[in-house]
Amino acid sequence: VGLLGAALAAGSTSLMLYSANARGYSLVVALFLSLLLIADRLRIGARGSDFVAFAVIGALGTYTIPVMLYPLGVVATWLLLAAYRVSDERRRRLIVGTLLAGASAALLALVLYLPIIRSAGLQALTGNSFVRPTPWPAFLADLPRHAAETLLVWTDPLPWWSAPLLLVLALIGGWRGDRPDRPSLLLATTVWCGALLGATHRVPFVRVWLFLLPLFHLAIARGLVRVASRTRATALMASPLTAATITAAMTAIALLGDSVRASDDTGVFPAARDVTARLASELRPGDRVLAPIPTNGPLLYYFGARGLDTALLTTPPERTRRAWLVLEPARGRTLQWAVTVGMIDPAVYDQPALILQRPDVEIWRSEKR
């Protein structure tokens, strides 16, 4: 199961993508798996040094990205569930140690975040637009789409039609027909992540669940072994050669299909270089380039690379004399959309003039009234 799970992980588009783009998500995956190993050791025999390691790893993960709150809570919940499978004395030690380690991780992470909080305020972490709650009807309506999108991302680079099959294999692998001494990791994940989702009622980015992807791969692997055990293919499925073949096949599909660069999971804007070249001779002091996420990030990079003033992407409204809208119609980012979401106010600016129109990008210019 371990070999097959590793083979699936080696060819995963998401794991390759986030191991290369330096956003910290692959660190969170590694720290989560480390926490699981420490937690299993604590379940067997709680030691103070292991609780210290638990707290330090949890703090470092939270400092890397605040979404470490999800995997850290999953492991802590799993440990608390494990406490009810041991003797009374060990149970007390395990519960108290887990709670203290979790609190210590939070306190240490807060200390690490102090420079950011002092300069930008706590609101930068807790009140930004990516974590702000959404109305309950919109939140509930978005959950099925989010679940389907997550499954497709997790099974990339394999074709979309393989996603239901892999999900079935994962369910077979995740089914607990026996009663092992370990509590259910699926139950711990459901309880903690469900509670966080309910508390925030905000559907997160799909990449937030990346820490669970290796476990999904292991569940698929266990499902493959269980299915093979009912046939004559048990020895073949358990062979290291099979794992190597799966690795080679998945990485070949990923490389030939260019799945990593084609992924828009983190937000891409392929036209950024061309847009920068088009605007280079047009921009003047007092201009403001209005570009929504994820368009603004690549533009910031190419503005800097070309020697343009990157402050033009954030010119304050009171100092803005002319606005340039950079929109992606393929994403539904049209001029009407920009007006609807308040990106540009028709009462403040004249009717925008179309400067560039392509299937992948539009540039509009508008003078202040």
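These figures come from a predicted structure and were not determined experimentally. Heads up: numbering here begins at 1 and tracks the sequence.
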So does Pro298 get a backbone contact from the side chain of Arg273, meaning a donor-acceptor N/O pair under 3.5 Å? no

Between Tyr25 and Arg23, is there a cation-pi geometry (under 6.0 Å to ring centre, at most 45° from the normal)? no

Do Tyr18 and Leu210 have side-chain heavy atoms sitting under 4.5 Å apart? yes

Do Leu197 and Phe32 share a hydrophobic cluster (ILVMFWY, side-chain heavy atoms under 4.5 Å, transitive)? yes

Can you tell me how far CE of Met250 sits from CE of Met16, rounded to the nearest 0.5 angstrom? 7.0 Å

Using atom types as modelled and distance alone, determine if a side-chain donor or acceptor of Thr310 lies under 3.5 Å from a backbone N or O of Phe303. no

Strictly distance-based, threshold 3.5 Å: is any side-chain N or O of Trp324 a donor or acceptor partner for the main-chain N or O of Ile363? no

Treating Ile, Leu, Val, Met, Phe, Trp and Tyr as nodes and any side-chain heavy-atom pair under 4.5 angstrom as an edge, say whether Leu27 and Leu212 lie in one connected cluster. no

Option among Thr276, Asn296, Val289 that satisfies the side chain to side chain contact (heavy atoms under 4.5 Å, CB included) test with Val326: Val289

Looking at side-chain heavy atoms only, is the closest gap between Ile95 and Leu80 below 4.5 Å? yes

Might you confirm whether atom CH2 of Trp136 has over 12 heavy atoms from other residues, nucleotides or ligands at distances under 6.0 Å? yes

I'd like to know if Arg284 and Asp287 make a salt bridge, using a cut-off of under 4.0 Å between side-chain N and carboxylate O. no

At what distance, to the nearest 0.5 angstrom, does CG of Leu108 lie from CD1 of Ile57? 12.0 Å

Look only at the side chain of Tyr113 and the backbone of Tyr63, and say whether a donor-acceptor pair between them is shorter than 3.5 Å. yes

Do Leu17 and Ser14 make a side-chain contact, defined as non-hydrogen atoms from C-beta onward lying under 4.5 Å apart? no

May I ask you to decide if Arg226's main-chain N or O and Ser229's side chain share a donor-acceptor pair within less than 3.5 Å? yes

Is it the case that atom CZ in Arg261 sees more than 12 heavy atoms from other parts of the structure closer than 6.0 Å? no

Arg333 side chain to Val361 backbone, donor-acceptor under 3.5 Å: no

Can you find a heavy atom in the side chain of Ser259 that is under 4.5 Å from one in the side chain of Ile253? no

Any side-chain heavy-atom pair from Leu241 and Thr245 closer than 4.5 angstrom? yes

Check for a donor-acceptor pair, side chain of Arg288 on one end and backbone N or O of Leu313 on the other, with a separation under 3.5 Å. yes

Should Ser366 and Ile344 count as side-chain neighbours, where that means a heavy-atom distance under 4.5 Å? yes

Any chance you could measure Thr98, atom OG1, to Trp78, atom CH2, to the nearest 0.5 Å? 10.0 Å

Pairing of Asp181 and Arg85 as salt bridge, 4.0 angstrom limit: no

Looking at Pro346, is its backbone amide N or carbonyl O close enough to the side chain of Arg369 to form a donor-acceptor pair, meaning the two atoms are under 3.5 Å apart? yes

Count I, L, V, M, F, W, Y as connected when their side-chain heavy atoms are under 4.5 Å apart, and connections chain through other members. Are Leu33 and Leu69 then in the same cluster? yes

Membership question, hydrophobic clusters at under 4.5 Å side-chain separation (ILVMFWY): are Leu356 and Met343 in the same one? no

Heavy-atom count around Arg118 CZ within 6.0 Å, excluding the residue itself: above 12? no

Donor-acceptor contact below 3.5 Å, side chain Arg321 vs main chain Pro285: yes

Distance in Å, Leu215 CG paired with Ile220 CD1, rounded so as to fall on 0.5 Å steps: 11.5 Å

Would a distance-only check, ignoring hydrogens and angles, find a side-chain to backbone donor-acceptor pair under 3.5 Å from Lys368 to Pro317? yes

Is there a side-chain contact between Leu35 and Phe211 in this structure, where contact means two heavy atoms from C-beta onward sitting under 4.5 Å apart? no

Side-chain touch Phe205/Asp265, heavy atoms, less than 4.5 angstrom: no

